[in-house]
Amino acid sequence: MLHFTKISTQGRNFNLIASGALAFKIHNKILKDEAFTHGTAVSRNMLVGSVPARKATNNAKSVFFVLISDLDKVNTESLCEMIQEERKKGSYAVCQVIPMYYNEPSFKALKMLRQNFDEVMELSKLNLGGGKALQSLEQQHCVMTDYVLSMARIMFHVCANSVTPARTAIEREQEVAFA
């Protein structure tokens, strides 16, 4: 199930989508954070097929931050279709994946996400300090939660305070070509 939340401030929208149990817990923690509660309007929605149950955005550019913790349980194709349509409008989409399983459906879903999102970050096997991997799964999830929350804050503040719209992948490629 995909949980879709639109956070609006200063006439700009920040869209948060979560899929999977851990992603939904982080999603709720993000919404309770002070950075997202002051001066904002929050509307929750569900994704049915590849579109939100209620119209998510108009033709304006938006920012999407997607959290996925159960890759093989999500209908990745539907999500990618929606993001692809939004990116055609000039929207910017970032996906953070917290893989719970490493199997063929997960690898295929991850490949599809990389093809349709501006950025895809895979959070797993976090290391601290001397390069030792965290042993406890609970510690790893705690660090991931803090990292994702920090990333969401940064994206939200850039989205809410930015005077220039996000560039599309094509615009970034053209910029590199002319540099």
Side-chain angles (χ1 to χ4, degrees), residues 1-47 52 54 56-58 60-71 73-74 76 78-80 82-87 89-100 109-110 113-114 116-128 134 137-169 172:
M1 185 178 302
L2 296 170
H3 301 274
F4 185 96
T5 303
K6 179 169 58 173
I7 304 167
S8 303
T9 183
Q10 300 175 13
R12 298 181 187 271
N13 296 327
F14 177 75
N15 300 284
L16 183 64
I17 300 173
S19 175
L22 180 58
F24 186 65
K25 287 179 185 177
I26 296 172
H27 171 272
N28 284 336
K29 190 170 184 173
I30 289 170
L31 293 179
K32 292 176 185 173
D33 189 82
E34 283 183 24
F36 300 94
T37 57
H38 293 295
T40 62
V42 175
S43 61
R44 291 181 178 241
N45 206 347
M46 299 295 278
L47 289 178
R54 294 186 309 267
T57 63
N58 51 18
K61 297 177 182 180
S62 298
V63 174
F64 290 85
F65 187 57
V66 180
L67 307 171
I68 300 176
S69 58
D70 298 332
L71 262 181
K73 291 184 181 177
V74 67
T76 307
S78 296
L79 174 63
C80 287
M82 187 200 84
I83 293 299
Q84 189 176 35
E85 289 301 313
E86 290 294 333
R87 287 184 65 210
K89 299 176 192 174
S91 296
Y92 187 75
V94 173
C95 181
Q96 286 193 340
V97 180
I98 305 166
M100 296 305 205
L110 196 55
L113 290 170
R114 286 190 178 119
N116 289 285
F117 279 79
D118 291 295
E119 301 288 337
V120 176
M121 292 168 262
E122 186 178 349
L123 304 179
S124 64
K125 300 179 185 169
L126 294 177
N127 297 328
L128 294 177
L134 292 173
L137 191 61
E138 188 174 312
Q139 285 179 320
Q140 186 173 348
H141 287 180
C142 181
V143 172
M144 283 180 189
T145 301
D146 291 342
Y147 175 79
V148 174
L149 184 58
S150 297
M151 182 71 174
R153 278 191 207 118
I154 291 167
M155 286 185 64
F156 174 71
H157 287 298
V158 168
C159 170
N161 298 325
S162 175
V163 293
T164 57
R167 297 178 318 211
T168 64
R172 286 194 309 269

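Residue numbers start at 1 and run along the sequence shown.
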Practice problem: Provide the closest heavy-atom pair for Ser8 versus Asn13 in the form atom of the first, atom of the second, distance. | Solution: OG-OD1, 2.7 Å
Quiz item: Under 3.5 Å, is there a donor-acceptor pair between the side chain of Arg114 and the main chain of Val120?
Solution: no
Quiz item: What distance do Leu113 atom CG and Leu79 atom CG have between them, rounded to the nearest 0.5 Å?
Solution: 6.5 Å
Quiz item: For Asp33, which residues count as a side-chain contact (heavy atoms from CB on, under 4.5 Å) partner, sequence neighbours excluded?
Solution: Ala35, Phe36, Leu149, Arg153
Quiz prompt | Listed partners of Ser150 passing side chain to side chain donor-acceptor pair (under 3.5 Å), at least two apart | solution = none
Practice problem: Kindly compute the distance separating CD1 (Ile26) from CG (Leu67), expressed to the nearest 0.5 Å. | Solution: 6.0 Å
Quiz item: Residues in side-chain contact (heavy atoms from CB on, under 4.5 Å) with Glu85, at least two apart?
Solution: Lys88
Exercise. Check whether any side-chain heavy atom of Asp146 sits under 4.5 Å from a side-chain heavy atom of Lys29, and report yes or no.
Key: yes
Exercise. State, to 0.1 Å, how close Tyr92 and Glu119 come at their nearest heavy-atom pair, and which atoms those are.
Key: OH-CG, 3.2 Å
Quiz item: Taking atom NE2 of His3 and atom CG of Asn28, what is their separation to the nearest 0.5 Å?
Solution: 8.0 Å
Self-check item: Any Val148 side-chain heavy atom under 4.5 Å of Ile30 side chain
Solution: yes
Practice problem: Side-chain contact test, heavy atoms from C-beta onward, threshold under 4.5 Å: evaluate it for Met151 versus Phe65 and give yes or no. | Solution: yes
Practice problem: Might you point out which heavy atoms bring Ala23 and Ala18 nearest each other, and give the distance in Å? | Solution: O-CB, 3.7 Å
Self-check item: Gap separating the CG atom of Leu110 from the SG atom of Cys95, nearest 0.5 angstrom
Solution: 8.0 Å
Practice problem: Check ring pair (Phe, Tyr, Trp, His ring centres under 6.0 Å) between Phe14 and all other residues, then give those that pass, not counting sequence neighbours. | Solution: Phe156
Quiz item: For the atom pair NZ (Lys6) and OG (Ser62), what is the distance rounded to the nearest 0.5 Å?
Solution: 7.5 Å
Exercise. For Thr5, check side chain to side chain donor-acceptor pair (under 3.5 Å) against everything at least two apart and list the hits.
Key: His27
Exercise. Would you check if Glu86 and Asn15 make a side-chain contact, meaning some heavy-atom pair closer than 4.5 Å?
Key: no
Exercise. Evaluate the criterion side-chain contact (heavy atoms from CB on, under 4.5 Å) for residue pair Ile68 and Thr76; output intermediate values, then yes/no.
Key: CA-CA 10 Å; Ile68 300 176; Thr76 307; 5.8 Å; no
Quiz item: For the atom pair CG (Leu2) and OG (Ser78), what is the distance rounded to the nearest 0.5 Å?
Solution: 8.0 Å
Practice problem: With sequence neighbours excluded, tell me which residues meet side-chain contact (heavy atoms from CB on, under 4.5 Å) with Ala21. | Solution: none
Quiz item: Run the side-chain contact (heavy atoms from CB on, under 4.5 Å) check on Ile17 and Met82 step by step: do they pass?
Solution: CA-CA 11 Å; Ile17 300 173; Met82 187 200 84; 3.5 Å; yes
Quiz item: Does the side chain of Val63 reach to within under 4.5 Å of the side chain of Val94, using non-hydrogen atoms?
Solution: no
Quiz prompt | Minimum-distance pair of heavy atoms, taken over all atoms of Met121 and Tyr147 | solution = SD-OH, 4.1 Å
